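Just follow the structure's listing: the first ligand is 1, and inside any ligand the first atom is 1. Being a predicted model, the structure only gives us computed values, none of them experimental.
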Amino acid sequence: MCKLKCGDRFLDLSQTQVMGILNVTPDSFSDGGKLYTGSKLLLDEILVRAEAMVREGASILDVGGESTRPGAKPVGLQEELDRVLPVVEKIASELDVIISVDSSAPKLMRESAKLGAGMINDVRALGREGAIDAVRETDLAVCLMHMQGNPANMQERPEYSDVLDEVCDFLSHRVDDCLQNGILKERIVLDPGFGFGKTVEHNLRLLNRIDYFRSLELPLLVGTSRKSMIGAVLGREIDQRLAGSLATIAIAAMKRAEIVRVHDVAETMDVVKMVQAVNAEALV
Ligand code: 7PM
């Protein structure tokens with residue numbers, strides 16, 4: 001449980017690791033400055049951004065070419081390949097960091113692995129035809145995320161009898177499917193999927209009770225950065241959610257989440273280190 005197998009590397013999970021978000025979508029809601037405009041990748045700018053996040057302490061960079069924003073249009077496979085693969089290749093050749101590829105497409109999973117990616121981050125938890133086979137054939141880690149519905153409709157009417165039970169059940173079945181198909185436990189990370197078919201209350205409950213997922217005995221990833229649950233609590237727009245995001249990071253780190261997925265790496269590192277010192281009651 002302390003190490004995650006990411007291809008030919010291992011990621012130490014004894015302390016909370018920071019995953020920096022690198023969106024290469026035209027409608028990225030995340031960060032100042034787009035990395036993809038007019039159907040062109042700005043590879044040099046992407047590398048500068050990636051380098052900064054690594055310098056600030058990210059041990060994983062999550063590269064995504066498909067927007068999973070509520071209501072977003074699906075992106076074609078070729079376009080997703082064209083956006084993501086050059087970025088994976090560039091970062092793999094220039095930086096010492098684990099590259100995570102945010103995708104549900106088997107072809108992109110395979111091609112990314114060949115170019116040096118270390119992890120597949122799939123918001124559809126390998127639910128697409130061929131995705132489990134693709135991941136098995138690589139040696140990469142995989143993050144299985146829970147989503148109710150699909151990006152087009154997920155926020156219309158999220159409903160659960162018990163959100164903890166249902167999300168846990170779903171993840172448990174996806175893990176079984178992976179194990180039965182030859183993906184080893186040491187490669188799997190779980191994620192309750194904040195904002196993916198959940199109300200604010202569902203999201204708050206998932207974060208407050210993230211320990212509930214410990215029964216699955218796998219590392220946990222928490223992705224709350226700048227999300228609407230923070231906007232709802234604080235009444236703030238996306239670019240004013242840093243403090244709220246850091247509060248959720250502190251909570252996740254206190255509860256010993258293994259990975260946090262964030263836009264603001266430097267600030268997150270300070271919070272994670274501070275929480276770690278308190279957890280350890282010592283300088284770390
Ligand atoms: C609009 C809304 C744009 C939300 C982008 C997003 C997660 C993820 C995303 C997550 C894992 C974002 C999200 N969120 N993958 N991909 N976990 N594993 O904030 O919570 O980047 S997309």
Location of contacts on Thr224 toward ligand 1, heavy atoms closer than 4.0 Å: neither
message: Looking only at distances, can you tell me whether any N or O atom of Lys227, backbone or side chain, sits closer than 3.5 Å to an N or O atom of ligand 1?
response: yes
N-O pairing of Arg49 and Glu45 below 4.0 Å: no
- prompt: Is there any N or O on Asn23 that sits under 3.5 Å from an N or O of ligand 1?
  reply: no
- prompt: Judged by modelled atom types alone, do Gln78 and Asp82 share a side-chain donor-acceptor pair under 3.5 Å?
  reply: yes
message: Does this structure show an ion pair linking Lys3 with Glu186, if we count only N-O contacts that are shorter than 4.0 Å?
response: no
query: Which ligand 1 atoms are under 4.0 Å away from a heavy-atom of Cys143?
result: 18 (N)
- line: Sequence neighbours excluded, the answer for ring-ring contact (aromatic ring centres under 6.0 Å, His included) partners of Tyr160 is His202
- request: Examine distances only and state if a side-chain atom of Lys198 and a backbone atom of Phe196 form a donor-acceptor pair shorter than 3.5 Å.
  value: yes
field: Residue Asp102 vicinity, atoms of ligand 1 by number, heavy atom under 4.0 Å
entry: 16 (N)
statement: Sorted by chain and number, sequence neighbours left out, side-chain hydrogen bond (donor to acceptor under 3.5 Å, both in side chains) with Lys185 holds for none
- prompt: Do Glu166 side-chain atoms and Ser161 backbone N/O form a donor-acceptor pair below 3.5 Å?
  reply: yes
- prompt: If you count the atoms of ligand 1 from 1 in the order shown, which ones are under 4.0 Å from a heavy atom of Asp191?
  reply: 10 (C), 11 (C), 17 (N), 18 (N), 20 (O)
message: Pairs of nitrogen or oxygen atoms closer than 3.5 Å, one from Gly223 and one from ligand 1: do any exist?
response: yes
- request: Please indicate whether any nitrogen or oxygen in Ser67 is less than 3.5 Å from any nitrogen or oxygen in ligand 1.
  value: no
Sub-4.0 Å heavy-atom contact, Gly195 with ligand 1: no
message: Under a 4.0 angstrom heavy-atom cut-off, which atoms of ligand 1 come close to Asn121?
response: 11 (C), 15 (N), 18 (N)
